[in-house]
Peer 1: 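Just passing along the structure, written as structure tokens.
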Amino acid sequence: MRAQIGIIGAGPAGLMLAHLLNRRGIESVIIESRSREEIERTIRAGVLEQMTVDLLNETGAGERMMKMGMFHKGIEIRFNGKRRRIDMHELTGGKYVTIYPQHEVIKDLISARVKSGGEMYFSVSNVRLSDLDTAEPTITYLNENQEEEEIICDYIAGCDGFHGPSRQSIPADIRREYQKIYPYSWLGILAEAPPSAPELIYAHHEDGFALHSTRTPEIQRFYLQVDPADCIEDWSDERIWEKLRLRLSTDDEWRLIEGPVIQKNIVPMRSFICDPMQYGRLFLAGDAAHIVPPTGAKGLNLAMADVQVLAGALHDYYANGETRRLERYSAVCLRRIWKAERFSWYMTSMLHRHHHDSPFDYQIQLAELDHATSSKAAAQSLAENYVGLPLELEEQPLSVI
Ligand code: FAD
Ligand code: DHB
């Protein structure tokens, strides 16, 4: 088979890239190792930046999101039993964040793909990339019937997440990897209960971090900081509610509304960047190239930013043979990615309990929380990062304020 662009992975990065290319008349083939049913029901992100919302709307994939999504003007930060609201709308000149689950974004993008008639193959295995530094980079794989297939491409987009094969296909002596593993994981649950608050609550507590998010008026999403060695069997529903009650508690009348837990899982926390994000005719996008800890709610949004840069650069190539933006892809993306990494690290460090911290470090952490929520300049910085930094599609000179 021949394709202009071979896309590995049908996550937010791969599906949005295919959607953007299709709108520019560029053909692509998507291959995905899991089944459609599985990717449409994997529970992950919930918070979309304004840029992601605008992108879905401008490309005709935002209709369900505008009906089902929830538009939040602020978040609450809790510590020492106190509640402090960050009014993001006010502090950023009118921006929102939108709560709309990742698996719904996936459904919307898959249905756009089906409607466009674009090729997409699920349940593939043994994916290998070759000839990346030639004019005919190639993907080979076994299709769902275990038959070998080959796609000879102009370019390959590695959108196969952190564990996919694309990044590993960049020779080790060219790839520089930066990583930080955090000494905690997140236990995430979905519960059948009404929301206990109108906006998301990020809570720092001596016992550990907790987050109250939402999905629908009937289903809420909660996260708890847990030990990375914990397994799901260590966390009975009763223990989860006890910790949520404790860590979200305030010194006023606020009460947590509980309900049956319908889903739970544990995810590790890491920061990771691969530099460069390209090699020959392979381009990495999304989690294949970088991971952020989820506290800043940035992962899916970064994936959407990468593919906008990549789609623009590929358009230049097909429209007029211009490869300058393709050559600068990694540099353009990494400048913004490092800032999102910094913000995610900052939110993670500020909000989690580091049980081995000295009393001094702990007091500094509380002072950081107090400053972030009581200084207008600090709250504004948090807000502008949380709603999303501006996206630059091309290299820009360093701006000076
Ligand atoms: P993925 O979603 O990982 O997609 C990669 C795809 O490639 C997968 O479907 C996978 O099956 C497929 N694949 C893998 N290997 C192969 C192969 N060999 N061949 C073919 N296909 C392959 N982000 C936010 O922006 N906001 C949030 O609120 C947020 N909250 C989060 C909460 C949690 C608990 C977690 C875990 C993540 C959260 N994220 C959030 C991060 C977000 O979910 C990811 O950053 C996002 O899924 C990245 O998209 P992607 O397309 O790059 O990768
Ligand atoms: C959700 C996930 C996050 O990582 C976050 O910071 C806020 C909300 C969520 O899944 O709803």
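The chain is numbered in sequence order, starting from 1. Keep in mind that this is a model prediction, so the values were computed, not measured. Both counts, for ligands and for their atoms, begin at 1 and track the order of listing.
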Peer 1: Judging by distance only, is a nitrogen or oxygen of Tyr223 under 3.5 angstrom from one on ligand 2?
Peer 2: yes
Peer 1: Indicate yes or no: does Arg325 engage Glu395 in a salt bridge with an N to O separation below 4.0 Å.
Peer 2: no
Peer 1: Could you see which bit of Leu211 sits under 4.0 Å from ligand 2, with heavy atoms only: side chain, backbone, both or neither?
Peer 2: side chain
Peer 1: Output yes when a side-chain donor or acceptor of Arg247 lies under 3.5 Å from a complementary backbone atom of Asp207, and no otherwise.
Peer 2: yes
Peer 1: So which of Phe162, Tyr182, Trp345, Tyr178 actually passes ring-ring contact (aromatic ring centres under 6.0 Å, His included) with Phe272?
Peer 2: Phe162
Peer 1: Measuring from non-hydrogen atoms of Gly188 to any atom of ligand 1, is the shortest distance under 4.0 Å?
Peer 2: no
Peer 1: Taking distance alone, with N or O pairs closer than 3.5 Å, would you say Ala13 contacts ligand 1?
Peer 2: yes
Peer 1: Ligand 1 and Gly161, any nitrogen or oxygen pair closer than 3.5 angstrom?
Peer 2: no
Peer 1: Between Asp370 and Arg84, does any side-chain N to carboxylate O distance fall below 4.0 Å?
Peer 2: yes
Peer 1: Return the residue, atom name and 0.1 Å-rounded distance of the protein heavy atom closest to atom 28 (O) of ligand 1.
Peer 2: Val47 N, 3.0 Å
Peer 1: Considering only the protein, which heavy-atom contact is closest to atom 1 (P) of ligand 1, and what is its distance?
Peer 2: Arg44 NH1, 3.6 Å
Peer 1: What I want to know is whether Ser213 and ligand 2 share at least one N or O pair that is separated by under 3.5 angstrom.
Peer 2: yes
Peer 1: What part of Thr52 sits under 4.0 Å from ligand 1 if we count only heavy atoms: the side chain, the backbone, both or neither?
Peer 2: neither
Peer 1: Is a salt bridge present between Asp154 and Arg2, judged by a nitrogen-to-oxygen distance below 4.0 Å?
Peer 2: yes
Peer 1: Evaluating non-hydrogen atoms only, which member of Leu300, Asn265, Ile31 is closest to atom 25 (O) of ligand 1?
Peer 2: Leu300
Peer 1: Tyr141 near ligand 1, heavy-atom distance under 4.0 Å?
Peer 2: no
Peer 1: How far is atom 4 (O) of ligand 1 from the closest protein heavy atom, and which atom is that?
Peer 2: Gly11 CA, 3.4 Å
Peer 1: Is it true that a side-chain atom of Gln4 and a backbone atom of Glu27 form a donor plus acceptor pair closer than 3.5 Å?
Peer 2: yes
Peer 1: Checking Arg113 now: which residues fulfil salt bridge (charged side-chain N to carboxylate O under 4.0 Å, His left out) with it, not counting sequence neighbours?
Peer 2: none
Peer 1: If you measure from the Lys or Arg side-chain nitrogens to the Asp or Glu carboxylate oxygens, is any gap between Lys95 and Asp54 under 4.0 Å?
Peer 2: no
Peer 1: Applying a heavy-atom cut-off of 4.0 Å, say which part of Trp186 lies close to ligand 1: side chain, backbone, both or neither.
Peer 2: neither
Peer 1: Suppose we measure from atom 47 (O) of ligand 1 to each protein heavy atom; which comes out shortest, and what is that distance?
Peer 2: Gln102 NE2, 2.7 Å
Peer 1: Determine whether a donor-acceptor pair (N or O, by modelled atom type, separation under 3.5 Å) exists between the side chain of Glu32 and the backbone of Arg34.
Peer 2: yes
Peer 1: Is there at least one pair of N or O atoms, one from Arg215 and one from ligand 2, spaced under 3.5 Å apart?
Peer 2: yes
Peer 1: Quick one: do Arg41 and Glu37 make a salt bridge, cutoff under 4.0 Å?
Peer 2: no
Peer 1: List every atom of ligand 1 that sits less than 4.0 Å from any heavy atom of Pro165, numbering the atoms from 1 in the order shown and giving each element.
Peer 2: 17 (C), 18 (N)
Peer 1: With a heavy-atom distance limit of 4.0 Å, tell me whether Lys298 approaches ligand 1 through its side chain, its backbone, both, or neither.
Peer 2: backbone
Peer 1: Give me the ring orientation class for Phe283 and Tyr329: parallel if the planes are under 30° apart, tilted from 30 to 60°, perpendicular past 60°.
Peer 2: perpendicular
Peer 1: For atom 8 (C) of ligand 2, what's the nearest protein heavy atom and its distance?
Peer 2: Val47 CG2, 3.4 Å
Peer 1: Please name all residues satisfying ring pair (Phe, Tyr, Trp, His ring centres under 6.0 Å) with Phe71, sequence neighbours left out, ordered by chain then number.
Peer 2: none
Peer 1: For Arg281, is there an ion pair with Asp131 - N to carboxylate O distance below 4.0 angstrom?
Peer 2: no
Peer 1: What do you reckon, does Glu32 have a nitrogen or oxygen under 3.5 Å from a nitrogen or oxygen of ligand 1?
Peer 2: yes
Peer 1: Just jot down the ligand 2 atoms closer than 4.0 angstrom to any heavy atom of Trp186, in number order.
Peer 2: 4 (O)
Peer 1: Can you list the atoms of ligand 1 that are under 4.0 Å from a heavy atom of Cys159?
Peer 2: 5 (C), 6 (C), 7 (O)
Peer 1: Between Phe209 and Trp186, what is the ring plane arrangement, given parallel below 30°, perpendicular above 60°, and tilted in between?
Peer 2: parallel
Peer 1: Is the closest N or O pair between Pro294 and ligand 2 shorter than 3.5 Å?
Peer 2: yes
Peer 1: Given side chains that start at C-beta, do those of Leu334 and Met277 come closer than 4.5 Å, heavy atoms only?
Peer 2: yes
Peer 1: Got an N/O contact under 3.5 Å between Val267 and ligand 1?
Peer 2: no
Peer 1: Below 3.5 angstrom, do we get any N/O pair linking Pro12 and ligand 1?
Peer 2: yes
Peer 1: Which residue and non-hydrogen atom of the protein lie closest to atom 32 (C) of ligand 1, and at what distance in Å?
Peer 2: Tyr223 OH, 3.6 Å
Peer 1: Taking it one step at a time, do Glu76 and Arg85 satisfy salt bridge (Lys or Arg N to Asp or Glu O under 4.0 Å)?
Peer 2: CA-CA 4 Å; Glu76 194 173 293; Arg85 179 167 187 267; over 6 Å; no
Peer 1: Does the residue Arg44 have a heavy-atom contact with ligand 2, meaning some pair of atoms that are separated by less than 4.0 Å?
Peer 2: yes
Peer 1: Write out the residue and atom name of the closest protein heavy atom to atom 7 (C) of ligand 2, then the distance separating them to 0.1 Å.
Peer 2: Tyr202 OH, 3.2 Å
Peer 1: Should Arg175 and Glu177 count as an ion pair when the cut-off is N to O under 4.0 Å?
Peer 2: yes
Peer 1: Which bit of Val127 is near ligand 1, meaning a heavy atom under 4.0 Å away: side chain, backbone, both or neither?
Peer 2: side chain
Peer 1: Would you say Glu148 has more than 12 foreign heavy atoms packed within less than 6.0 Å of its CD?
Peer 2: yes
Peer 1: Please report which non-hydrogen protein atom sits nearest to atom 22 (C) of ligand 1, along with the residue it belongs to and the distance in Å to one decimal place.
Peer 2: Ser33 OG, 3.2 Å
Peer 1: Which residue owns the protein heavy atom closest to atom 29 (C) of ligand 1, what's the atom, and how far is it?
Peer 2: Ala45 CB, 3.0 Å
Peer 1: Which ligand 1 atoms are under 4.0 Å away from a heavy-atom of Gly9?
Peer 2: 6 (C), 7 (O), 12 (C), 21 (N)
Peer 1: Among protein heavy atoms, which lies nearest atom 44 (C) of ligand 1, and at what distance?
Peer 2: Asp287 OD2, 3.4 Å
Peer 1: Tell me whether Gly299 has any N or O atom under 3.5 angstrom from an N or O of ligand 1.
Peer 2: yes
Peer 1: Do the side chains of Glu104 and Lys107 get close enough for a salt bridge, i.e. N-O under 4.0 angstrom?
Peer 2: yes
Peer 1: Which part of Ile39 is near ligand 1, with near meaning a heavy atom under 4.0 Å away: side chain, backbone, both or neither?
Peer 2: side chain
